[in-house]
Amino acid sequence: MATIKGTKKQGRKRHRQSLERRMRNRSVRTRVRRQMRMMRAAMAEGDAAKVKDMLPETMSVIDVGWRKGVIHRNTAARYKSRMSRQAEAIISGKEA
């Protein structure tokens, strides 16, 4: 971080904090997106067993993103609703 002459100490600290928070939020957001991508890939393959195993883990990762404040509560609910609906269709279609 470049220090600028004349900036207040509080401003420099806030900037440092925002960079730290940005990196923390980014890692959580990346984890959520990666897990959802893996889940979608499993659903595209149509592997019911893999989808059934990954569903609870995916829901948990989405919840972590919501609890940490990285994604909005309604966004998390929407993701979970769509994922579970698609997963249940694949699981029931393969088992039936």
Side-chain angles (χ1 to χ4, degrees):
M1 180 185 87
T3 56
I4 301 167
K5 188 173 183 180
T7 56
K8 296 196 183 296
K9 189 176 179 181
Q10 177 185 358
R12 290 193 303 265
K13 181 179 177 182
R14 293 291 292 168
H15 184 64
R16 270 197 322 271
Q17 288 175 328
S18 72
L19 294 177
E20 290 169 8
R21 288 188 181 116
R22 178 177 173 220
M23 292 307 294
R24 214 173 293 136
N25 291 340
R26 193 173 183 177
S27 68
V28 173
R29 189 178 300 114
T30 301
R31 184 170 178 229
V32 170
R33 288 178 179 167
R34 184 172 183 275
Q35 184 67 33
M36 289 177 61
R37 204 176 308 123
M38 288 170 33
M39 183 70 176
R40 284 193 199 105
M43 288 190 289
E45 291 172 5
D47 187 2
K50 191 174 181 182
V51 170
K52 196 170 187 175
D53 289 340
M54 288 182 70
L55 187 62
E57 184 182 352
T58 303
M59 296 300 159
S60 176
V61 169
I62 292 171
D63 282 337
V64 167
W66 165 61
R67 280 197 305 270
K68 299 229 180 234
V70 174
I71 57 176
H72 192 271
R73 178 181 60 192
N74 293 351
T75 303
R78 185 177 67 241
Y79 287 162
K80 287 171 60 175
S81 173
R82 289 178 184 172
M83 282 279 175
S84 61
R85 191 174 55 219
Q86 292 168 354
E88 287 304 319
I90 290 171
I91 292 168
S92 65
K94 294 293 179 181
E95 290 178 350

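Worth saying up front: this structure is predicted, and the values here are computed from it rather than measured. Residue numbers run from 1 in the order of the sequence given.
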Counting only heavy atoms from other residues, nucleotides and ligands, does the tally under 6.0 Å from [atom1] of [X] exceed 12?
X   : atom1 : answer
R29 : CZ    : yes
R34 : CZ    : no
Q10 : CD    : no

How long is the straight-line distance from [atom2] of [Y] back to [atom1] of [X], given to the nearest 0.5 Å?
X   : Y   : atom1 : atom2 : answer
R33 : I71 : CZ    : CD1   : 9.5 Å
I62 : S81 : CD1   : OG    : 10.5 Å
D63 : K80 : CG    : NZ    : 3.5 Å
H15 : L19 : NE2   : CG    : 4.0 Å
Q35 : M54 : CD    : CE    : 5.0 Å
T58 : R37 : OG1   : CZ    : 12.5 Å

Can you see which heavy atom on [X] is nearest to which on [Y], and at what distance?
X   : Y   : value
R26 : T30 : O-OG1, 2.7 Å
A87 : M43 : N-SD, 3.7 Å
W66 : R73 : NE1-CB, 3.0 Å

Honestly curious: do M59 and M38 fall in one hydrophobic cluster under the side-chain, below-4.5 Å linking rule?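 As far as the 4.5 Å side-chain criterion goes, M38 and M59 are connected within one cluster.
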
Out of curiosity, does V61 fall in the hydrophobic cluster containing M36 (side-chain heavy atoms, cut-off under 4.5 Å, transitive links)?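 Same hydrophobic cluster.
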
Check: R40 and M83 side chains under 4.5 Å, non-hydrogen atoms: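 A side-chain contact exists here, since the closest heavy-atom pair is under 4.5 Å.
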
Given side chains that start at C-beta, do those of V51 and Q86 come closer than 4.5 Å, heavy atoms only?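 No; the side chains remain at least 4.5 Å from each other.
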
My understanding is that only residues two or more places apart in sequence, or in another chain, count here; which of them pass side chain to side chain donor-acceptor pair (under 3.5 Å) with D53?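 Expected list: none.
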
